[in-house]
Student: 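Below is the structure I would like to discuss, written out as structure tokens.
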Amino acid sequence: MPTVTFTDHEGAQRTIDATAGDSVMETAVRNGVPGIVAECGGSLSCATCHVFVDPQDLEKLPEMEEMEDEMLYGTTEDRRENSRLSCQLPVTEGTDLHVTTPETQV
């Protein structure tokens, strides 16, 4: 079973068993992970599911598309090289992901 480990801005970690086919954002919302607001519900229109992906996990993920790239310029916390929107990160069988949530999303 795939897992997603969420680390908050203070360093507290929470590892969650995830369902393949869901997004990292859906996993967070379903499990009450603080730091993922997801105002738009995953429709790629709010950037309130911004996360910092562990650099070692970036190659496991699909390439960022243009719309996600543009939305990342609207995040509350400054964008980094490893910034992604968790609604665009699919959970796949056999893949464990590690992401850090920013201090604020709104």
Student: Going by the side chain to side chain donor-acceptor pair (under 3.5 Å) test, which pairs reach into residues 58-67, not counting sequence neighbours?
Tutor: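 Counting only pairs at least two positions apart or across chains, the side chain to side chain donor-acceptor pair (under 3.5 Å) contacts touching residues 58-67 are Asp57-Lys60.
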Student: Taking the side chain as every heavy atom from C-beta outward, state whether His9 and Thr100 have any pair of such atoms under 4.5 Å apart.
Tutor: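 Answer no - side chains too far apart.
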Student: Tell me if a side-chain donor or acceptor on Thr27 pairs with a main-chain N or O of Ser23 at a distance below 3.5 Å.
Tutor: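 Side chain of Thr27 to backbone of Ser23: a pair is present.
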Student: Is it true that Val53 and Val91 fall in one hydrophobic cluster, defined by side-chain heavy atoms closer than 4.5 Å?
Tutor: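 Val53 clusters together with Val91.
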Student: Consider only side-chain heavy atoms of I, L, V, M, F, W and Y, link residues closer than 4.5 Å, and tell whether Leu58 and Val24 are in one cluster.
Tutor: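 Yes, Leu58 connects to Val24 through the hydrophobic network.
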Student: Does the Ser86 side chain pair with the main chain of Cys49, one donor and one acceptor, at a distance under 3.5 Å?
Tutor: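 Side chain of Ser86 to backbone of Cys49, a donor-acceptor pair under 3.5 Å: yes, one is there.
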Student: Looking at Cys46 and Ala38, what are the two nearest heavy atoms and their distance?
Tutor: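 Reported closest heavy-atom pair: SG-C, 4.5 Å.
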Student: Using the salt bridge (Lys or Arg N to Asp or Glu O under 4.0 Å) rule, collect all pairs that involve residues 24-37, keeping only residues at least two apart or in two chains.
Tutor: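 For residues 24-37: Asp22-Arg30.
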Student: Give me the atom names and distance for the closest heavy-atom approach of Gln105 to Val37.
Tutor: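 Closest pair (atom of Gln105, atom of Val37, distance): CB-CG2, 3.6 Å.
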Student: How long is the span from the CG atom in Leu72 to the CG atom in Asp78, to the nearest 0.5 Å?
Tutor: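 Between Leu72 CG and Asp78 CG, I get 11.5 Å after rounding to 0.5 Å.
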Student: Once you round to the nearest 0.5 Å, how far does OG1 of Thr104 lie from CD of Glu77?
Tutor: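 The OG1 atom of Thr104 sits 8.5 Å away from the CD atom of Glu77.
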Student: Under the 3.5 angstrom rule, does the side chain of Gln88 hit a backbone N or O of Glu68 as a donor-acceptor pair?
Tutor: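 No; judged by distance alone, with no hydrogens or angles, the pair does not exist.
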Student: Mind listing the closest non-hydrogen atom pair of Ser45 and Ser43 along with its distance?
Tutor: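 That closest heavy-atom pairing would be OG-OG, 3.2 Å.
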Student: From Met64 CE over to Arg84 CZ, what is the distance, rounded to the nearest 0.5 angstrom?
Tutor: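 Between Met64 CE and Arg84 CZ, I get 4.5 Å after rounding to 0.5 Å.
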Student: Over all heavy atoms of both residues, which pair between Leu97 and Pro90 is shortest? Give the atoms and the distance, please.
Tutor: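 Closest approach of Leu97 to Pro90, heavy atoms only: CD1-O, 4.2 Å.
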Student: Does a donor on one side chain sit under 3.5 Å from an acceptor on the other, for Ser83 and His50?
Tutor: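 The criterion, which ignores hydrogens and geometry beyond distance, is satisfied for His50 and Ser83.
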Student: Checking Asp96 side chain against Thr3 main chain: does a donor-acceptor pair fall under 3.5 Å?
Tutor: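 A pair under 3.5 Å: yes.
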Student: Given the rule that I, L, V, M, F, W and Y join up when any side-chain heavy atoms are under 4.5 Å apart, are Leu61 and Ile16 in one cluster?
Tutor: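 Linked, Leu61 and Ile16 end up in one cluster.
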Student: Is the positively charged end of Arg14 above the ring of Phe6, judged by distance under 6.0 angstrom from the centroid and angle within 45° of the axis?
Tutor: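 That pair does not qualify as a cation-pi contact.
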Student: Is there a donor-acceptor pair closer than 3.5 Å between any side-chain N or O of Asp8 and the backbone N or O of Glu10?
Tutor: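 Pair found, side chain donor or acceptor close to backbone of Glu10.
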Student: Any side-chain donor-acceptor pair under 3.5 Å between Gln13 and Thr5?
Tutor: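 Looking only at side-chain atoms, Thr5 and Gln13 do not form any donor-acceptor pair under 3.5 Å.
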Student: Are the side chain of Thr48 and the backbone of Glu39 linked by a donor-acceptor contact shorter than 3.5 Å?
Tutor: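 Yes; judged by distance alone, with no hydrogens or angles, the pair exists.
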Student: Does the side-chain contact (heavy atoms from CB on, under 4.5 Å) test come out yes or no for Thr7 and Thr101, once each step is laid out?
Tutor: CA-CA 6 Å; Thr7 304; Thr101 56; over 6 Å; no
Student: How close do Ala20 and Thr92 get, counting heavy atoms only, and between which atoms?
Tutor: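 Minimum heavy-atom separation between Ala20 and Thr92: CB-C, 4.2 Å.
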Student: Please answer: with hydrophobic residues joined when any side-chain heavy atoms are less than 4.5 Å apart, are Ile36 and Phe52 in the same cluster?
Tutor: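 In one cluster with Ile36: Phe52, no.
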Student: So do the side chains of Glu93 and Pro2 get within less than 4.5 Å of each other, counting heavy atoms only?
Tutor: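 When only atoms from C-beta onward are counted, Pro2 and Glu93 do touch, with a gap below 4.5 Å.
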Student: Is there side-chain contact between Val99 and Asp54, with heavy atoms separated by less than 4.5 Å?
Tutor: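 Contact flag for Val99/Asp54 side chains = no.
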Student: With Arg79 as the cation and Tyr73 as the aromatic partner, state whether NZ or CZ is under 6.0 Å from the six-membered ring centre and within 45° of the axis.
Tutor: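 Cation-pi check for Arg79 and Tyr73: passes.
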Student: Between atom CE of Met71 and atom CG of Leu85, what is the distance when rounded to the nearest 0.5 Å?
Tutor: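 Here the rounded value is 6.5 Å.
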Student: Output yes when a side-chain donor or acceptor of Asn82 lies under 3.5 Å from a complementary backbone atom of Pro55, and no otherwise.
Tutor: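 Answer holds: no.
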